[in-house]
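The structure under discussion appears below in the form of structure tokens.
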2 protein chains.
Amino acid sequence: MPVSITTARRAREFAAREELIIREARKFLLERGFQGWNMEDLAQAVEYSKGTLYQHFDSKEDLALAVCTGSLQQRADLFERASNFKGGTRERIRAICCACCEFATAHPEYFHADMMLKSASFWDKASEERREDHRIQAGRCWRTIQQIIIEAQAVGDLPRDRFKPEEATFALVSVTVGSHIMAMEGDMRVMAGITDPLIAVRRNGDLMCDGLGWKPLSFEADYAETDRRIVREVFPGATWLKSA
Amino acid sequence: MPVSITTARRAREFAAREELIIREARKFLLERGFQGWNMEDLAQAVEYSKGTLYQHFDSKEDLALAVCTGSLQQRADLFERASNFKGGTRERIRAICCACCEFATAHPEYFHADMMLKSASFWDKASEERREDHRIQAGRCWRTIQQIIIEAQAVGDLPRDRFKPEEATFALVSVTVGSHIMAMEGDMRVMAGITDPLIAVRRNGDLMCDGLGWKPLSFEADYAETDRRIVREVFPGATWLKSA
DNA sequence: TTGGAATTTGACCATTGGTCAAAAATGGCT
DNA sequence: AGCCATTTTTGACCAATGGTCAAATTCCAA
């Protein structure tokens with residue numbers, strides 16, 4: 001069978017529709033949680049039938065994973081953009097933290113949804129292809145941080161003898177994700193006296209960098225100007241930069 | 001109606017059955033995830049009918065919350081026990097980290113389940129009474145850490161001018177929970193080169209304490225003996241203490 | 001032993017994730 | 001334009017499951 005002239009257009013339309021479905025599902029996931037909506041609702045929202053949805057996704061879980069991976073891809077994009085910030089290694093890791101804030105603003109649904117995915121019986125129900133996609137994007141985020149750390153150790157901003165690069169990366173990733181999740185919760189915000197979650201996330205990142213011995217330490221330098229520069233040069237129009 | 005002589009026994013039996021249901025549900029939650037089992041399965045496992053389960057819990061979500069709160073209560077118990085460890089403030093916060101390890105060993109299902117609970121449409125489906133229980137136990141965990149931090153600032157082990165106690169508490173809680181969640185995931189362990197998740201969790205806790213400026217810093221002192229003492233005096237029989 | 005109260009049960013209902021045969025749309029060909 | 005093979009879309013339908021409640025069963029004081 002010859003490749004029709006319409007094949008390319010069809011593929012484009014198919015991809016566009018998939019994007020539409022994912023976008024709408026992301027809204028649902030944020031506003032109502034995984035269990036708060038059903039495929040029929042979603043079909044109605046995107047103005048296609050349920051059967052059509054299942055041409056794109058193996059299951060509701062598969063769709064949820066696609067939503068997460070889409071968000072994660074943007075996270076990786078933001079990370080990579082941030083890592084190109086012109087400055088010292090500590091300033092660049094700070095830019096990564098800012099990327100996190102930018103990301104959290106655009107994708108507030110991500111952290112909860114991604115946590116859910118990892119639980120037993122959820123991950124299994126998604127297709128292997130989408131699982132692989134997710135791994136790839138997660139890997140991009142990881143590597144971006146890891147590279148800055150390796151560079152920091154090379155130039156002497158970060159101790160070389162206390163930990164391996166991947167240990168430092170793991171520490172930073174853990175504190176960042178943990179902070180986002182915790183800061184998102186109402187009770188926690190009350191107990192911690194948090195008025196702005198994103199400031200709390202950045203502060204925790206700072207503290208961890210200090211703990212790693214990443215120079216110049218946050219309380220020995222004034223990073224206020226760096227922050228303004230990051231916003232200006234990397235994330236113009238950002239709304240999350242407020243004085244602590 | 002007079003209070004029968006059997007009332008007390010009935011109440012005891014009712015409570016015992018509730019414990020049984022929660023225990024069994026915890027197993028299911030760990031092995032199969034929230035969606036991997038149904039109320040009929042569970043009814044069969046505890047040898048009661050589905051209707052009886054619903055005398056104890058408003059919904060499946062309500063039950064899941066009860067499971068989490070039960071685990072969280074044990075977490076708080078372990079924290080309080082750890083905080084009584086005889087030693088400096090930094091050693092005591094180290095004991096709390098050890099309590100986390102002890103907890104994670106006994107309740108590997110907790111972190112994922114609790115994350116899920118916090119998502120929209122989940123929390124709402126549980127009864128207000130159980131939500132309040134959960135808040136109480138979470139508060140106990142929080143306060144235990146907070147008190148050690150306040151004491152550390154009072155005796156001068158921890159800086160007083162860089163942060164408020166609740167900010168430090170939030171940082172420690174975030175890194176601990178974040179580390180547990182991250183270390184639990186297979187891909188992450190591969191990337192981070194983690195062989196023992198609990199060692200990674202403790203190391204991250206150490207790094208955060210260092211970042212807070214909590215003396216004596218982890219790389220300036222040898223805590224190996226402290227760790228052994230913690231295990232001996234607070235968590236005899238613990239299996240998670242291995243040399244890094 | 002008995003009668004009424006408390007408890008337990010599982011048939012039943014409504015919702016929803018997922019399937020698939022039929023209907024509709026598409027597009028190349030004459 | 002008209003035709004028909006192929007592709008795409010649809011929604012009736014199915015099975016699974018969370019949740020209900022009237023009937024059955026158990027309990028216990030008199």
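Chain letters run A, B, ... following the sequence lines, proteins first and then strands; every chain starts at 1. No experiment lies behind these values; they were computed from the predicted model shown.
Between Arg17(B) and the phosphate of dT8(C), there is a side-chain N or O to OP1/OP2 separation shorter than 4.0 Å. For the pair Arg10(A) and dT26(C), the criterion of a side-chain N or O lying under 4.0 Å from OP1 or OP2 is not met. The phosphate of dT10(D) has OP1 or OP2 within less than 4.0 Å of a side-chain N or O from Thr52(A). Taking 4.0 angstrom as the limit, Gln55(A) places a side-chain polar atom (N or O) nearer than this to OP1 or OP2 of dT9(D).
As rounded to whole Å, 13 Å separates atom C1' of dG19(D) from atom CG of Asp62(B). Atom OH in Tyr48(B) sits about 8 Å away from atom P in dT9(C), given to the nearest Å. Atom pair Leu63(B):CG and dT17(D):C1' shows a separation of 15 Å (rounding to whole Å applied). Phe14(A) has its CZ atom 10 Å from the C1' atom of dT8(D), to the nearest Å. One can place CD1 of Ile21(A) at 12 Å from C1' of dT9(D), the figure rounded to the nearest angstrom.
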When the side chains of residues 27-36 of chain A are checked against the rest of the protein, which donor-acceptor pairs come out under 3.5 Å, sequence neighbours left out?
from: Lys27(A); atom 1: NZ; to: Glu24(A); atom 2: OE2; distance (Å): 3.3

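Using a distance-only test at 3.5 Å, with no hydrogens or angles considered, a donor-acceptor pair links the side chain of Ser71(A) to the main chain of Val67(A). With hydrogens and angles ignored, the 3.5 Å screen pairs a side-chain donor or acceptor of Asn84(B) with a backbone N or O of Glu80(B).
Atom CZ of residue Arg92(A) and atom CD1 of residue Ile230(A) lie 11.5 Å apart, to the nearest 0.5 angstrom.
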Table of protein N/O atoms under 3.5 Å from nucleotides 15-19 of chain C N/O atoms:
from: dT16(C); atom 1: OP2; to: Asn38(A); atom 2: ND2; distance (Å): 3.2
from: dG17(C); atom 1: OP1; to: Lys60(A); atom 2: NZ; distance (Å): 3.1
from: dG17(C); atom 1: OP2; to: Met39(A); atom 2: N; distance (Å): 2.7
from: dG18(C); atom 1: OP2; to: Tyr54(A); atom 2: OH; distance (Å): 2.8
from: dG18(C); atom 1: OP2; to: Lys60(A); atom 2: N; distance (Å): 2.7
from: dG18(C); atom 1: N7; to: Lys50(A); atom 2: NZ; distance (Å): 3.0
from: dG18(C); atom 1: O6; to: Lys50(A); atom 2: NZ; distance (Å): 2.3

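Shown are Glu129(A), His134(A), Glu128(A); of these, the side chain to side chain donor-acceptor pair (under 3.5 Å) with Arg131(A) is made only by Glu128(A).
At a cut-off of 3.5 Å, with distance as the only test, no side-chain donor of Arg143(B) or Gln146(B) sits close to an acceptor on the other residue.
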